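Reviewing the structure listed below.
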Amino acid sequence: MLRAHHITKKFGQLIAVNNLSFHVKKGRIFGIAGPNGAGKSTVYNLITGFYPFQGQIEFDGRDINGLPPHRIAQLGIARTFQIPQSFPSLTVEKSVSVGNRFGSLEKFDPVYIDEMLYFAGLESQRHRPTGDLNLLGKKKLMIAAALATKPKILMLDEPMAGSNTKEIKALMELIRRINVELGVTIIIIEHFMKVLTELTETLLIIETGTEICCGDPRVVTKEPRVIKSYLGEAYAEDHPS
Ligand code: ADP
Ligand code: MG
């Protein structure tokens with residue numbers, strides 16, 4: 001469904017993404033992990049058309065490199081951000097409908113907005129300003145707004161960041177339901193290895209923009225190169241002593 005072919009992004013002298021290739025299959029959950037500054041969020045920025053770059057990104061068989069962000073959104077690619085962003089005075093319902101207008105070529109669809117509010121478990125808060133939501137609520141809202149664009153693929157950027165065990169469980173459940181019930185393909189950048197091994201079928205590990213390893217998460221996370229470059233730190237966080 002989505003294929004990156006030798007994508008490279010330089011910011012001045014810094015090579016943020018270095019000759020990276022990967023393939024996200026339709027209907028699957030694909031994970032990306034790596035230390036801070038590895039280039040993970042930049043990969044999302046390239047896929048969504050925010051920067052020019054070298055290489056090719058194929059979505060549903062067509063090269064999307066060079067298309068503007070709104071065209072890429074209309075093709076069916078949606079994302080969330082590392083830090084939940086919203087207009088605090090806008091109601092939850094309005095925020096979700098902004099997503100619907102931005103991404104979908106079809107006409108404004110209030111029934112679908114309703115469905116997404118229910119799907120994300122936000123129906124009881126629909127008339128509240130988004131500024132009233134707690135962290136989990138803000139994350140659900142960002143996901144519901146992305147879903148309102150009717151994406152074929154949803155890219156999540158560290159959705160668990162700052163969440164406690166209970167919130168992580170709720171978000172994992174929501175992500176699974178998006179994948180299974182809505183049939184949306186998912187890419188997830190995540191720090192928590194446990195989340196990645198439980199959710200994903202394929203895991204790509206990058207460091208300084210370069211692929212370290214890619215494959216079955218249970219195999220990848222046992223690779224000495226991966227443990228050396230990254231997992232020492234992540235495992236310590238997942239398994240506090
Ligand atoms: P990650 O999401 O893996 O933590 P990022 O993709 O955010 O990493 O960043 C990768 C590298 O690219 C970092 O060194 C970061 O400072 C740099 N970078 C990201 N965006 C920009 C930008 N717009 N301008 C200059 N440097 C950037
Ligand atoms: Mg990032």
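Since the structure is predicted, the reported quantities are computational estimates derived from the model, not experimental observations. Just so you know, ligand 1 is whichever comes first in the structure, and atom 1 is the first atom listed for that ligand.
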- Task: Dump the intermediate steps for side chain to side chain donor-acceptor pair (under 3.5 Å) on Gln74 and Arg71, then the final yes or no.
- Result: CA-CA 5 Å; Gln74 285 163 358; Arg71 282 290 303 133; 3.1 Å; yes
- Task: Report the part of Leu14 in contact with ligand 1, treating N, CA, C, O as backbone and CB onward as side chain, heavy atoms under 4.0 Å; options are side chain, backbone, both, neither.
- Result: side chain
If the cut-off is 4.0 Å to any non-hydrogen atom of [X], which atoms of ligand 1 fall inside it?
X	result
Tyr51	23 (N)
Asn36	4 (O)
Ala38	1 (P), 3 (O), 8 (O)

- Query: Is there at least one pair of N or O atoms, one from Gly39 and one from ligand 1, spaced under 3.5 Å apart?
  - Reply: yes
- Distance-only N or O hit between ligand 1 and Gln82, under 3.5 Å: no
Nearest protein heavy atom to [atom], by residue and atom, and its distance?
atom	value
atom 4 (O) of ligand 1	Gly37 N, 2.7 Å
atom 9 (O) of ligand 1	Thr42 OG1, 3.7 Å
atom 22 (C) of ligand 1	Phe11 CE2, 3.4 Å

- Phe53 to Thr8 - nearest heavy-atom pair and separation: CB-O, 3.4 Å
Checking [X] against [Y]: charged group under 6.0 Å from the ring centre and within 45 degrees of the axis?
X	Y	result
Lys150	Tyr112	yes
Arg62	Phe59	no
Arg3	Phe22	no

- Query: If you measure only the distance, is there a donor-acceptor pair under 3.5 Å linking the side chains of Arg28 and Asn179?
  - Reply: no
- Message: On a heavy-atom basis, I'd like to know which of Ala16, Ser41, Ala33, Gly34 is closest to atom 7 (O) of ligand 1.
- Response: Ser41
- Query: Does atom 20 (N) of ligand 1 have a protein non-hydrogen atom under 4.0 Å from it?
  - Reply: yes
- Would a distance-only check, ignoring hydrogens and angles, find a side-chain to backbone donor-acceptor pair under 3.5 Å from Thr149 to Ala146? yes
- Could you please compute the angle at the Mg ion (ligand 2) from OE1 of Gln82 to OG of Ser41, rounded to 10°? 80°
- Hey, are Asp157 and Lys40 close enough for a salt bridge, meaning a charged N less than 4.0 Å from a carboxylate O? no
